[in-house]
Amino acid sequence: IGAAKLIVVVAIFLLTFYVISQVFEIKMEANLGHIFARSALDAAARSTKPPRYKCGISKACPEKHFAFKMASGAANVVGPKICVEDNVLMSGVKNNVGRGINVALVNGKTGEPLDTKFFDMWGGDVAPFIEFLKSIQDGTIVLMGTYDDGATKLNDEARKLIAELGSTSITSLGFRDNWVFCGGKGIKTKSPFEQHIKNNKDTNKYEGWPEVVEMEGCIPQKQD
């Protein structure tokens, strides 16, 4: 009788162990399957995620070109933003923008930032702006964006100096117009990089100001 009981106990133990092992293996396989499936989904999501280009522009620039993206100010509330080669040169977050015309200078050969300044063209004086424009060295990339009002104090001399950088809209830039421009000192042609929206009470997005203008592109590297 004792031997029979022992056999039954051993049989129950082995059966229990077998059932437990089978359930455990199924759970393990299910968990492993879930892990592999999830990693495959993650990999697929990564592969379908659109690539990010410098400054968040819509497509990659060719070799020997610098990526840039910029926006004018929004009314008198949000300052302009200028980014070159994934480097934000001017923005409200950086706290280096101001009312008037905001200017960033970049080395035309290396893409390295050289200087950033803003000039108040509503309540300021145009003379320092003119001196600054005259001091820009040949081969320098010049990026400009308006904030609030960039035109009231502009005179013919300042407009002529900006036109020499490749701007065509500067001659008609008026009170509270929104404008962004990218040109260069020593440029021989008109710049293709310029956006201008007139201040018009019938079409203004904001009360007293037109909508923000944005622009992106690829600036050719200066060759010797």
Side-chain angles (χ1 to χ4, degrees), residues 49-74 78-94 96-98 100-119 132-133 136-147 150-151 154 158-174 177-199 205 209-224:
K49 188 178 179 182
R52 186 196 174 278
Y53 302 115
K54 290 177 180 178
C55 290
I57 66 174
S58 55
K59 60 181 181 180
C61 288
E63 281 189 34
K64 296 184 178 178
H65 284 72
F66 303 124
F68 82 94
K69 189 171 185 176
M70 57 194 304
S72 69
V78 180
K81 185 175 181 180
I82 299 175
C83 176
V84 177
E85 283 292 283
D86 238 10
N87 187 0
V88 176
L89 305 181
M90 302 187 79
S91 73
V93 174
K94 288 179 73 77
N96 65 344
V97 296
I101 295 181
N102 293 257
V103 190
L105 303 183
V106 173
N107 186 304
K109 288 183 181 178
T110 66
E112 292 297 311
L114 298 174
D115 199 2
T116 59
K117 279 189 169 56
F118 60 88
F119 299 89
F132 177 79
L133 291 168
I136 299 171
Q137 300 296 306
D138 270 9
T140 302
I141 297 165
V142 185
L143 304 101
M144 298 186 180
T146 53
Y147 181 25
L154 279 181
R159 291 178 192 268
K160 181 174 180 290
L161 289 166
I162 296 170
E164 287 171 359
L165 299 171
S167 171
T168 51
S169 296
I170 192 63
T171 53
S172 59
L173 187 70
D177 288 0
N178 270 345
W179 172 69
V180 288
F181 163 70
C182 175
K185 187 65 177 281
I187 192 170
K188 300 293 189 289
T189 58
K190 295 303 178 186
S191 170
F193 303 123
E194 189 166 26
Q195 298 287 337
H196 178 206
I197 297 182
K198 296 294 291 180
N199 169 24
K205 183 172 181 180
W209 286 271
E211 66 182 294
V212 171
V213 281
E214 293 183 295
M215 182 172 65
E216 65 174 52
C218 303
I219 308 162
Q221 182 182 11
K222 179 174 170 55
Q223 306 298 315
D224 288 327

Euclidean distance, [Y] [atom2] relative to [X] [atom1], rounded to 0.5 Å:
X	Y	atom1	atom2	result
Leu143	Leu165	CG	CG	10.5 Å
Leu154	Arg159	CG	CZ	4.5 Å
Thr168	Phe181	OG1	CZ	8.0 Å
Gln221	Thr110	CD	OG1	8.5 Å
Ser172	Lys198	OG	NZ	5.0 Å

Using side-chain heavy atoms (C-beta onward) and a distance below 4.5 Å, is [X] in contact with [Y]?
X	Y	value
Val78	Val212	no
Leu173	His196	yes
Leu89	Val106	yes
Val88	Lys81	yes
Ile141	Asn107	no
Glu194	Trp179	yes
Met144	Ile170	no
Met90	Pro80	no

So does [Y] get a backbone contact from the side chain of [X], meaning a donor-acceptor N/O pair under 3.5 Å?
X	Y	result
Ser191	Cys182	yes
Lys109	Gly139	no
Asn178	Ile197	no

Any carboxylate oxygen within less than 4.0 angstrom of a Lys/Arg side-chain nitrogen, looking at Arg52 and Asp86?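 Here Arg52 pairs with Asp86 in a salt bridge, since their nearest N and O are under 4.0 Å apart.
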Residue pair [X] / [Y]: nearest heavy atoms and the distance that separates them:
X	Y	value
Phe66	Glu85	CA-OE2, 3.4 Å
Tyr147	Asn102	CB-ND2, 3.7 Å
Ala67	Cys55	O-SG, 4.2 Å
Thr116	Ala104	CG2-CB, 4.1 Å
Asn87	Pro113	ND2-CG, 3.6 Å
Ala163	Lys190	O-NZ, 3.9 Å

For Phe132 together with Phe119, are the ring centres under 6.0 Å from each other?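 For Phe119 and Phe132, the ring centres are under 6.0 Å apart.
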Does any pair with a residue in residues 62-71 pass salt bridge (charged side-chain N to carboxylate O under 4.0 Å, His left out), and if so which ones, sequence neighbours excluded?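 Every candidate salt bridge (charged side-chain N to carboxylate O under 4.0 Å, His left out) pair involving residues 62-71 fails, so no pair, neighbours aside, qualifies.
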Picking from Ile82, Ile162, Val142, what satisfies side chain to side chain contact (heavy atoms under 4.5 Å, CB included) with Val103?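 Of the listed options, the one satisfying the test is Val142.
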Under the rule for side chain to side chain contact (heavy atoms under 4.5 Å, CB included), what residues qualify as partners of Pro62, not counting sequence neighbours?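 In terms of side chain to side chain contact (heavy atoms under 4.5 Å, CB included), with neighbours along the sequence ignored, Pro62 is linked to His65, Cys218.
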